[in-house]
Amino acid sequence: MIHMDFNNTKINALNGAKETIEAQRPVVIMDLAGRDTDEIRAFFEPFDYEFQRAGRHAMMMFPN
């Protein structure tokens with residue numbers, strides 16, 4: 001599992017974890033700002049992940 005809860009965009013951290021996400025296929029949970037949502041979905045699209053909102057400001061990604 002990867003849990004991301006920090007200010008600023010998450011895409012830089014996800015790009016750094018790309019190899020781990022591809023190889024290990026962890027569940028990913030993150031706090032989101034509204035502007036992050038589309039970018040995060042686009043990042044996970046090639047990895048075949050399912051998205052689920054977790055409250056008002058968080059999202060969970062599950063590998064299919």
Do [X] and [Y] touch side chain to side chain, with heavy atoms closer than 4.5 Å?
X	Y	answer
Thr20	Glu22	no
Met61	Ile29	no
Met59	Thr37	yes
Val27	Ile2	no
His3	Val28	no
Asp31	Phe6	no

Test item: Arg25 side-chain N/O and Phe47 main-chain N/O as donor-acceptor pair under 3.5 Å: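 Pair found, side chain donor or acceptor close to backbone of Phe47.
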
Hphob cluster co-occupancy, Met60 + Phe43, side-chain heavy atoms under 4.5 angstrom: no

Reported NZ-to-CG distance for the pair Lys10 and Leu32, which is rounded to 0.5 angstrom: 6.5 Å

Inter-residue atom distance Thr9.OG1 - Ile40.CD1, 0.5 Å rounding: 6.0 Å

Contacts of Phe62 that satisfy ring-ring contact (aromatic ring centres under 6.0 Å, His included) - sequence neighbours left out: none

Contact list for residues 40-64, test side-chain hydrogen bond (donor to acceptor under 3.5 Å, both in side chains), sequence neighbours left out: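 Sorted pair list: Asp48-Asn64.
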
Nearest heavy atoms of Pro63 and Pro26, plus distance in Å: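 Closest heavy-atom pair between Pro63 and Pro26: CD-O, 4.0 Å.
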
